[in-house]
*Asks:* 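The structure follows.
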Amino acid sequence: MPELPEVETMRRGAAAVVGGRITAVARVPCPAKPITVRPRIDVFRRRVLGKAVVAVERLGKRVVLRLDSSDAIVIEPRMTGLVLLAHPPDREHLRFCVRFRGVTPRALWYWDRRGLGSVRLFTAGQLDAALGAAVLGPDALNVTLGQLRERMRAVRRAVKVALLDQRILAGVGNLYACEILHVARIHPAQRCHRLTADDWRRLHAALRSVLEEAIRYEGSTLSDGTYRNVLNAPGAYQNHHRVYGRAGEICPTCGGAAICRIVQAQRSTFFCVACQSKRGRRKTNAGR
DNA sequence: CCCCAGTCCTGCGGGC
DNA sequence: TGCCCGCAGGACTGGG
């Protein structure tokens with residue numbers, strides 16, 4: 001489930017193709033239902049052949065290859081997509097290939113077991129319309145405390161659900177939302193408009209620290225083993241998860257309570273009732 | 001505004 | 001032992 005740390009790891013790896021000139025693009029014949037590629041492959045090919053990659057960027061949970069034509073190839077891995085420069089986990093789920101001259105490695109692959117992801121070619125204008133600041137919130141790694149507070153405070157939803165909304169903040173998914181709220185000691189069902197000034201400060205600090213720590217470990221490879229970096233090596237942050245997937249285990253922070261699992265917006269939320277009490281952070285419980 | 005259910009998709013593991 | 005169902009959830013859509 002690539003979220004910001006996994007996609008950032010892909011981006012850093014894929015930056016090796018900057019300067020390369022595209023010599024071929026192709027869908028890879030795959031027994032499963034084909035992934036979404038837009039526009040049609042013949043049009044896609046005509047627009048990118050001979051163009052050079054000038055930058056590899058990340059937009060939320062997407063990898064963007066900027067071309068010298070001002071077009072951009074946008075790879076969206078969704079649940080099980082991988083950007084690879086070598087050694088795919090298997091051949092049968094390879095979906096798309098871009099070949100280059102002038103750089104090593106000579107090819108970039110898109111691999112996707114479940115095939116929920118996509119590869120799209122956008123003009124600069126299309127990219128702004130689809131993924132510009134009016135659509136996608138500020139990046140979770142760069143957002144300021146003030147931006148975070150103002151954007152999230154505008155909704156009355158549970159803080160965990162709001163963190164997953166890419167229009168409010170880009171990059172956080174289910175796993176890291178759980179981890180961030182645990183470090184921030186905020187109850188995931190707490191409503192955004194009820195958070196205190198100190199809650200916002202801790203949330204902002206935890207956002208940065210958890211995401212940066214996860215990037216240092218090259219993301220999380222869960223028990224299904226899907227997530228890999230561009231060289232097909234697993235991440236290591238799963239060994240440092242405090243709450244995600246650990247229902248019933250003792251909280252590593254307080255050592256005094258078991259981690260609970262609840263469901264919010266049809267997704268699993270893991271948290272510690274002791275560390276992340278709704279009442280515990282407040283000066284007074286009057287009225288509750 | 002907010003919430004929910006359904007959609008896409010495959011692999012895996014729990015339960016019988 | 002083998003099979004089936006449910007679950008995993010990111011992004012999106014439509015209905016209440």
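Since this is a predicted model, take the numbers as computed values, not measurements. Numbers restart at 1 for each chain; the letters A, B, ... are given by sequence-line order, proteins then strands.
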*Asks:* Find the distance A:E3:CD to C:dA11:P and express it as a whole number of Å.
*Replies:* 9 Å
*Asks:* Hey, does the side-chain of A:R114 have a donor or acceptor N/O within less than 3.5 Å of a partner on the base of C:dA8?
*Replies:* yes
*Asks:* If the threshold is 4.0 Å, N to carboxylate O, is there a salt bridge linking A:D199 and A:R194?
*Replies:* no
*Asks:* Name the nucleic acid region contacted by A:R157, choosing base, sugar-phosphate or nothing; use a 4.0 angstrom heavy-atom cut-off, strictly under.
*Replies:* sugar-phosphate
*Asks:* Measuring from the side chain of A:R113 (C-beta onward, heavy atoms only), which nucleotide among C:dA11, B:dG11, C:dG9 has the closest atom?
*Replies:* B:dG11
*Asks:* Check the distance between C:dA11's C1' and A:I75's CD1 and give it to me in whole angstrom.
*Replies:* 17 Å
*Asks:* Expressed as a whole number of angstroms, how long is the span from A:L175:CG to C:dA8:P?
*Replies:* 13 Å
*Asks:* Starting at atom CG of A:L164, determine the distance to atom C1' of C:dA11, rounded to an integer number of angstrom.
*Replies:* 12 Å
*Asks:* Round to a whole Å and report the spacing from CD of A:Q264 to C1' of B:dA5.
*Replies:* 17 Å
*Asks:* A:T80 side chain N/O closer than 4.0 Å to the phosphate oxygens (OP1, OP2) of B:dG11?
*Replies:* no
*Asks:* Let me know, please, whether A:V155 or A:E92 comes out on the 5' side of the other along DNA chain B by nearest nucleotide.
*Replies:* A:V155
*Asks:* NA contact type, A:Y227, heavy-atom cut-off 4.0 Å: base, sugar-phosphate, or nothing?
*Replies:* nothing
*Asks:* Send over the distance from A:L222 CG to B:dT10 C1', rounded to a whole Å.
*Replies:* 16 Å
*Asks:* Within the structure shown, what part of the strands sits under 4.0 Å from A:R191 by heavy-atom distance: base, sugar-phosphate, or nothing?
*Replies:* sugar-phosphate
*Asks:* A:R267 side chain N/O closer than 4.0 Å to the phosphate oxygens (OP1, OP2) of C:dG10?
*Replies:* yes
*Asks:* Begin from the C-alpha positions of A:Y176 and A:S220 and carry the test side chain to side chain donor-acceptor pair (under 3.5 Å) through to its verdict.
*Replies:* CA-CA 10 Å; A:Y176 292 102; A:S220 301; 2.8 Å; yes
*Asks:* What's the CZ-P distance between A:R167 and B:dC1, to the nearest Å?
*Replies:* 9 Å
*Asks:* Quick one: do A:D224 and A:R113 make a salt bridge, cutoff under 4.0 Å?
*Replies:* yes
*Asks:* Could you give the CD-to-C1' distance, from A:Q266 to B:dT7, as a whole number of Å?
*Replies:* 12 Å
*Asks:* Between C:dA11 and A:Q166, counting only base atoms on the nucleotide and side-chain atoms on the residue, is there a donor-acceptor pair under 3.5 Å?
*Replies:* no
*Asks:* Considering every strand and a 4.0 Å limit on heavy-atom distances, what is the contact class for A:V161: base, sugar-phosphate, or nothing?
*Replies:* nothing
*Asks:* Does the side chain of A:K160 pick up a donor-acceptor pair with the side chain of A:T269 at under 3.5 Å?
*Replies:* yes
*Asks:* Remember a base hit wins even if backbone is also touched, and classify A:S223 as base, sugar-phosphate or nothing at under 4.0 Å, heavy atoms.
*Replies:* nothing
*Asks:* Using only side-chain N and O atoms of A:R261, determine if any of them is under 4.0 Å from OP1 or OP2 of C:dA8.
*Replies:* yes
*Asks:* Would you call A:R242 and A:E213 a salt bridge, using N to O less than 4.0 angstrom?
*Replies:* yes
